[in-house]
Participant: 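Dropping the structure in here first, questions after.
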There are 2 protein chains.
Amino acid sequence: MEDFHYNPHISVDCVIFGFDDQKINILLIKRKQSGKNVFALPGDLVQKGEDLDHAASRVLFELTGLQNLYLEQFKAFGSPDRIKDPVDIEWIKSIREHPEERVITIGYNSLVKVDGFEFTPSSFAEEVLWHPIEKPQKLAFDHNDIANTGWFMLREKIKREPMIAFSLLPEKFTLRQLQTLYEAIVGISLDKRNFRKRMLRNNFLVAMEERETGVSHKPAQYFRFDEDTYREDFARDQWFLF
Amino acid sequence: MEDFHYNPHISVDCVIFGFDDQKINILLIKRKQSGKNVFALPGDLVQKGEDLDHAASRVLFELTGLQNLYLEQFKAFGSPDRIKDPVDIEWIKSIREHPEERVITIGYNSLVKVDGFEFTPSSFAEEVLWHPIEKPQKLAFDHNDIANTGWFMLREKIKREPMIAFSLLPEKFTLRQLQTLYEAIVGISLDKRNFRKRMLRNNFLVAMEERETGVSHKPAQYFRFDEDTYREDFARDQWFLF
DNA sequence: AAAGATAGTGTAATGAGTACACTTAGCAAA
DNA sequence: TTTGCTAAGTGTACTCATTACACTATCTTT
């Protein structure tokens, strides 16, 4: 049997989502190149003997200082001509020992709670920033494809396992925040009363004593998400095909 | 920046599903090794300059002679110790020039209509066979993990895009076949009248003139699936989270 | 004290899901 | 040809979820 012994590089790229109470953003890194700003997804080569998930965790940790984030692989990108923009090729030549080598990358989605964490400066990036997912932004390499696919896959995933959406909210949140998040994910707006009615049917949303403070209107009650109750309630699969 | 220049092999492995009017099966290849039967998923190394999807199509075509099958990547498997069984290591040594090299594999799901196609003999396998997905069978390498993950991902995918299930049925099929398939995927049994009521609401199921022949009971009407109508009807997303 | 802003609340109508039993059409065996 | 077997094909009543829709309550600011 023929053995081509063709060994490309392997990397991971992370689409890191955050919710700012209005819209959903992804984390981008910015570098200056030939006087222009170039944006890209954070990522790195997989090291020898390193598990793929571990490589993605490592990228996340170096960037955010956080561990045990929601993290899920969503697709491998392996087109032979993934990198064809001259600007990208120039960049690759400046950082890789073997720039001619094909790179296959594994896309990972990650969810973070944006309240209260700081970016860690990275060797990769001059700057790290949140960028609205719905606002177009040209990215390096095939990172637009990766980010769009990641966003699509996240929404599909949340349809099936809505629980993970709570990874985007703070520990305590109002029903308004939850509804806004829901609307940002689904992309449609919902009736407030019907939304509340449906949510409050669910025992996994637990009302807390605490209310909002310092707002110039009637303060909203805080809720928290109870994962154990959720798992019990959601044993029922939904399965309505066609 | 450090560049490890660590380049593993890349392969694809295919989980190929077929429906025999009773249950769902996957395609396995069998080889004899040390007098024992060893079963595995069909797969191959990705060649130089070859796209990942192309590699998977190639494996499928070599095995079935069919092209344009439903084909979807579902996960990359990259654990550094994917291959640890001595039997597997021995096999690898006999077929690879660089057997010590780590292999990262991309899992693909594929759906075929089983009526009327023949397996093509392959250089890989002494025998190709259908095996019930629900019946446990020890496979080589981490192929049990790959097959189970593929089956899980297929079901999740069908929840969101039920249309693809029709890739498992012949061009013309009875509602009984459709219901059996539905039940095999979902894993629960359904009421016949309610199932028919729900299905016949959908315009994309088109009744044909033809009926079954040669059955020792009232012959069932044949239906076909109209993809265009489906796409119109299914513009409505279902989006009921929580 | 008034104005501005968002939280929080109920009802009636419609449509979908569920449970459930008998008749029909073809084939085969007596 | 009659009888029996098998799976196809059909309708109704009940329950429960979804939908559309408008006003009061509470806090801050001016």
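Letters A, B, ... mirror the listed sequences (proteins, then strands); counts begin at 1.
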Participant: Among D/dT10, D/dT28, C/dT9, find the nucleotide with the atom closest to the side chain of A/Ser216.
Facilitator: D/dT28
Participant: Distance check: side-chain N/O of A/Arg201 vs OP1/OP2 of D/dT18, anything under 4.0 Å?
Facilitator: yes
Participant: Taking 4.0 Å as the cut-off, does a side-chain nitrogen or oxygen of A/Arg193 come that near to OP1 or OP2 on D/dA20?
Facilitator: no
Participant: Would you tell me if any nitrogen or oxygen in the side chain of A/Arg198 comes within less than 4.0 Å of OP1 or OP2 on D/dA17?
Facilitator: no
Participant: For B/Phe195 and D/dT10, give me the distance from atom CZ to atom P, rounded to whole Å.
Facilitator: 15 Å
Participant: Would you please indicate if the ring centroids of A/Tyr230 and A/Phe225 are separated by under 6.0 Å?
Facilitator: yes
Participant: Figure out the CG/C1' separation between B/Asn202 and C/dA16, and round it to whole Å.
Facilitator: 13 Å
Participant: Please report the distance, rounded to the nearest Å, between CG in A/Leu190 and P in D/dA20.
Facilitator: 10 Å
Participant: Can you tell me if B/Arg196 touches the phosphate of D/dA7, counting only side-chain N or O atoms and a distance under 4.0 Å to OP1 or OP2?
Facilitator: no
Participant: Output the single nucleotide from C/dA7, D/dG9, C/dA25 whose closest atom is nearest the side chain of B/His217.
Facilitator: C/dA25
Participant: Do A/Asp44 and A/Asp13 come within less than 4.5 Å of each other through their side chains, counting heavy atoms only?
Facilitator: no
Participant: Could you tell me how far apart A/Leu200 (CG) and C/dA7 (C1') are, to the nearest whole angstrom?
Facilitator: 12 Å
Participant: Let me know the distance between CD of A/Glu212 and P of C/dA5, rounded to the nearest Å.
Facilitator: 16 Å
Participant: Tell me which of A/Lys197 and A/Arg211 sits closer to the 5' end of DNA chain D, going by the nucleotide each one is nearest to.
Facilitator: A/Lys197
Participant: Let me know the distance between CG of A/Asp191 and C1' of C/dT9, rounded to the nearest Å.
Facilitator: 12 Å
Participant: Nearest-Å distance, CD (B/Gln22) to C1' (D/dA7)?
Facilitator: 13 Å
Participant: Take atom CD of A/Glu171 as the centre, draw a 6.0 Å sphere, and report whether it contains more than 12 heavy atoms from other residues, nucleotides or ligands.
Facilitator: no
Participant: Report yes if a side-chain nitrogen or oxygen of A/Arg176 is closer than 4.0 Å to either non-bridging phosphate oxygen (OP1 or OP2) of C/dT6; otherwise report no.
Facilitator: no
Participant: I want to confirm an ordering. Mapping A/Asn194 and A/Pro219 to their closest nucleotides on DNA chain D, which one lands closer to the 5' end?
Facilitator: A/Asn194
Participant: Hey, is the main chain of A/Lys135 close enough, under 3.5 Å, to the side chain of A/His131 for a donor-acceptor pair?
Facilitator: yes
Participant: Measure the distance from CD on B/Gln221 to C1' on C/dT24 and round it to the nearest whole Å.
Facilitator: 14 Å
Participant: A/Asn202 side chain to A/Leu205 main-chain N or O, any donor-acceptor pair under 3.5 Å?
Facilitator: no
Participant: When you get a sec, tell me which of C/dC20, D/dT26, D/dG9 is the closest nucleotide to the side chain of B/Lys218?
Facilitator: D/dG9
